[in-house]
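So the structure is just underneath, and the comments pick up after that.
Within every chain, numbering begins at 1; the chains are lettered A, B, ... in the order of the sequence lines, protein sequences first and strands thereafter.
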Protein chains: 2
Amino acid sequence: MRASAVVKNLKDKGFRITPIRKQIIEILSEDRGPLTSLDILTIIHKTGKKVNESTHDHAIGVSSCIRFARCNKTTVYRQIAFLLEQEILEEINLGEGKNRYDLVENKAHHHHLTCNNCGVIKDLPLEDNDFLQSIEKNTNFRIQKHSLELFGLCLGCQK
Amino acid sequence: MRASAVVKNLKDKGFRITPIRKQIIEILSEDRGPLTSLDILTIIHKTGKKVNESTHDHAIGVSSCIRFARCNKTTVYRQIAFLLEQEILEEINLGEGKNRYDLVENKAHHHHLTCNNCGVIKDLPLEDNDFLQSIEKNTNFRIQKHSLELFGLCLGCQK
DNA sequence: TGATCATATGCAACTTAGTTGCATTTGTCA
DNA sequence: TGACAAATGCAACTAAGTTGCATATGATCA
Ligand SMILES: [Mn+2]
Ligand SMILES: [Mn+2]
Ligand SMILES: [Zn+2]
Ligand SMILES: [Zn+2]
């Protein structure tokens, strides 16, 4: 599983593995598309409730469950900051007035197609090196980062 | 001048021309680069003061000056919304947690190069139609809008 | 298995961008 | 010069994100 590889990597680097840190990595590795901090917090809260309701034992354990239920937005923001520093996440801005986060991991650099009608966000892998190099030549800028976001209608929403 | 053409166009379409509306158009037509709502408000306030301090008569007039000095952020936001509807402005998001606005007018569609060191924002005219068409073919999306923002170091900041 | 200690967490209070409702003012046109 | 719709100011609000501080906890070692 992708999440456990990320966790192992962090542990090897000497970082602490807390239930919330692990859970955020797991949530983002489920590939629901780039999530906001509130998306993440809401999923953590739900996970806490679900596990609490079930009478069976569960991989997550009761103590983690209690902590998921109480998880605070500050913690989510701080974990996001940590995971960004570790270059495990990428910050994505679709002009919504809030950020989204995508697991980088072994996925190559990519962009997004957002449907203006149904909101679905599709990955767009795109080899853009030639493109960027020609801009560097023409402008004398040294390009360090770029963001390309496309908006339109997905096949289903074109009617 | 570019600003007066925009104003005339609005007048012809039957929209009211208020001092603040006109001033915002003028500020943005001075090409200081894409401005935030606060940038705009601050410049309006300064203009009010400057004109007030000067003892000479001035193209702007005293009554406009008083209104510039009192201009409220709500008004700026509402003018921005109006000018966006009229497709006079374009909204630009550089991932700063706030929007910037650029006059569209007769300037062609373009992108931006932002210097990570000194913050300068340079226009980047870029013919990207072929590029977009090939994405449409490969993805079955119909693309309606796109944003491409580049970040790096300007010539001066490359040391 | 504890004790230790740096790191992670929860909570409350704060900042900043942007929005809304409402009373008042003003640009336009007859 | 009215009349009236559109524009404005102000205050109160929302939502994303940040900060300080007291408490809790994961990893390490005895
Ligand atoms: Mn993605
Ligand atoms: Mn520009
Ligand atoms: Zn769709
Ligand atoms: Zn620079």
Using a strict heavy-atom distance below 4.0 Å, which residues from residues 71-88 of chain B are in contact with DNA chain D? B:Cys71, B:Asn72, B:Thr74, B:Thr75, B:Arg78, B:Gln79

Could I get a table of every N or O pair under 3.5 Å where one atom is in the protein and the other is in nucleotides 27-30 of chain D?
{"unit_1": "D:dA27", "atom_1": "OP1", "unit_2": "A:Ile17", "atom_2": "N", "d": "3.0"}

Assuming nearest nucleotide by heavy-atom distance, tell me which of A:Arg21 and B:Pro19 is located more 5' along DNA chain C. A:Arg21

How close or far is atom [atom2] of [N] from atom [atom1] of [X], stated in whole angstroms?
{"X": "A:Glu96", "N": "C:dG18", "atom1": "CD", "atom2": "P", "result": "14 Å"}
{"X": "A:Leu10", "N": "C:dT7", "atom1": "CG", "atom2": "C1'", "result": "14 Å"}
{"X": "A:Glu91", "N": "D:dG17", "atom1": "CD", "atom2": "C1'", "result": "11 Å"}
{"X": "A:Leu41", "N": "C:dC11", "atom1": "CG", "atom2": "P", "result": "11 Å"}
{"X": "B:Tyr101", "N": "C:dA17", "atom1": "OH", "atom2": "P", "result": "12 Å"}
{"X": "B:Ile44", "N": "D:dA7", "atom1": "CD1", "atom2": "C1'", "result": "13 Å"}
{"X": "B:Lys22", "N": "C:dG27", "atom1": "NZ", "atom2": "P", "result": "11 Å"}
{"X": "A:Lys98", "N": "D:dT14", "atom1": "NZ", "atom2": "C1'", "result": "12 Å"}

Would one find more than 12 heavy atoms of other residues, nucleotides or ligands at under 6.0 Å from atom CZ of A:Arg32? yes

Should we count CD of B:Glu96 as having more than 12 external heavy atoms under 6.0 Å? yes

Check the side chains of B:Asp39 and B:Thr42 for a donor-acceptor pair under 3.5 angstrom, ignoring hydrogens and angles.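 No donor-acceptor contact under 3.5 Å links the two side chains.
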
Distance from [X] atom [atom1] to [Y] atom [atom2], nearest 0.5 Å?
{"X": "B:Ile40", "Y": "B:Arg100", "atom1": "CD1", "atom2": "CZ", "answer": "10.0 Å"}
{"X": "B:Lys8", "Y": "B:Ile17", "atom1": "NZ", "atom2": "CD1", "answer": "11.0 Å"}
{"X": "B:Leu113", "Y": "A:Thr139", "atom1": "CG", "atom2": "OG1", "answer": "5.0 Å"}

Under 4.0 Å, counting only non-hydrogen atoms across every strand here, what does A:Thr36 touch: a base, just sugar-phosphate, or nothing? nothing

Do any side-chain nitrogens or oxygens of [X] fall under 4.0 Å of OP1 or OP2 in [N]?
{"X": "A:Asn99", "N": "D:dA16", "result": "no"}
{"X": "A:Arg67", "N": "D:dG26", "result": "yes"}
{"X": "A:Arg70", "N": "D:dT23", "result": "no"}

Indicate the ring-plane relationship of B:His146 and B:His109, choosing parallel, tilted or perpendicular according to the 30° and 60° boundaries.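 Answer is perpendicular, since the angle exceeds 60°.
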
Please lay out, stage by stage, how A:Tyr101 and A:Glu91 fare under the test side-chain hydrogen bond (donor to acceptor under 3.5 Å, both in side chains). CA-CA 5 Å; A:Tyr101 302 92; A:Glu91 193 168 66; 3.0 Å; yes

Between B:Glu87 and B:Val104 the two heavy atoms that sit nearest each other are O-CB, 4.0 Å

